[in-house]
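What follows is a single structure, written as structure tokens, with notes after it.
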Amino acid sequence: MAYENILREDEGGIARVTVDRPDKLNALNDAVIGELQHCFEALRDDDSVRAVILTGAGEKAFVAGADIGELAKQTPLQARPLAQKGQHLMDTIEGLPKPVIAAVNGFALGGGCELAMACHLRFASDNALLGLPEVTLGIIPGYGGTQRLPRLVGKGRAMELILSAKPIDAAEAHRIGLVNKVFPQAELIPATEKALRKMLGHGPVAMRFALDAVNHGSEMPLADGLDYEATFFGLLAATDDVKEGMTAFLEKRPAHFQGH
Ligand code: COA
């Protein structure tokens, strides 16, 4: 599939996906959602890709939200499947078996904030503004924002962000745990790449199981989540990577994992 609204650039096991509608501050219209869905399914199934960066084109916006021009034309019957299509994309991104970092390089509002929240980590530039302003438009967050935000920052803070509709800057987002790290804008992509390169040195099967255990286990009752974790722990003991990781430590050398 040829993309018109996003870019995918691969280098050394890391794919960088850029939402590329800078004249509309990278707003998520139907075409962008469709291309991102296709792209993330391809990334999921592509063994040459071991980590992903998601960012926005230009220096002003990550993604300034769902496309309000399109939202304005929704009928009640169209709005529910539209939300579900966006939610499916967010679930696909969150479910990738390899780390995905959102490099939040400016406005991350509404659907843009929801997109960032679906990624496993969020690194922000110091000019970033994050928020869920949907109620100012008479709608609510529909791409998972009412569900992922409280899971990330707690119910009280999520209520405040959603009900006040007021965006917060990168420093505040970092303070409340909505973003993991903050960098000057010029350093955002290099720092994100550097963090992912380090992760590429870790056991690939362990990384995959860790993502799964946190994503699915955190939705289970504690006893079931612990059981889920222990099952992965047991499965890993059967891999060559575990032997390599332990042996490398004892031999005081870097581990060379094969991914099995
Ligand atoms: N949907 C559609 N178009 C959008 C958009 C969105 N979510 N956000 C920005 N744009 C468009 C603007 O309409 C404008 O297009 P135009 O040049 O054809 O008029 C262009 O992007 C630039 O935006 P502009 O508003 O001129 O930039 P700004 O610097 O003055 O303001 C924002 C930036 C982010 C504060 C402002 O664009 C905004 O409030 N956007 C909507 C944010 C929002 O509510 N998102 C949640 C949607 S559910």
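Whatever order the structure lists them in is the order used to number ligands and atoms, beginning at 1.
Of the heavy atoms in Asp23, only backbone atoms (N, CA, C, O) come closer than 4.0 Å to ligand 1.
Of the options Glu114, Lys60, Lys24, the smallest heavy-atom separation from atom 28 (P) of ligand 1 is shown by Lys60. In this comparison of Leu137, Asn26, Leu109, the heavy atom closest to atom 34 (C) of ligand 1 sits on Leu109. Around atom 42 (C) of ligand 1, the closest heavy atom drawn from Ala64, Ala27, Pro133, Gly65 belongs to Ala64.
Distance check for atom 38 (C) of ligand 1: every protein heavy atom is found at 4.0 Å or beyond. Inside a 4.0 Å radius of atom 19 (O) of ligand 1 there is not any protein heavy atom. There is a protein heavy atom closer than 4.0 angstrom to atom 10 (N) of ligand 1. Distance screen at 4.0 Å: atom 6 (C) of ligand 1 has a protein heavy-atom neighbour inside the cut-off.
Take Phe123 and apply the ring pair (Phe, Tyr, Trp, His ring centres under 6.0 Å) test, not counting sequence neighbours, and it matches Phe183.
Remark: side-chain polar atoms of Arg50 are not paired, donor with acceptor, to backbone N or O of Asp47 under 3.5 angstrom. Side chain of Glu94 to backbone of Ala118: no donor-acceptor contact under 3.5 angstrom is found. In this structure a side-chain-to-backbone donor-acceptor pair under 3.5 Å is present from Lys98 to Val49. Here the side chain of Arg21 pairs a donor or acceptor atom with the backbone of Ala27 at under 3.5 angstrom. In terms of modelled atom types and a separation under 3.5 Å, the side chain of Asp241 and the main chain of Phe257 share no donor-acceptor contact.
Nearest protein heavy-atom neighbour of atom 2 (C) of ligand 1: Ile68 N, 3.4 Å. For atom 24 (P) of ligand 1, the nearest protein heavy atom (residue, atom name, distance) is Leu25 CD1, 4.5 Å.
Residues Leu161 and Leu149 have side chains in contact (heavy-atom distance under 4.5 Å, counting atoms from C-beta outward).
Judged as a side-chain hydrogen bond (donor to acceptor under 3.5 Å, both in side chains), the pairs with a partner in residues 218-228 (not counting sequence neighbours) are, in order, Arg151-Glu219, Asp212-Tyr228.
Under a 4.0 Å heavy-atom criterion, Leu129 is not in contact with ligand 1.
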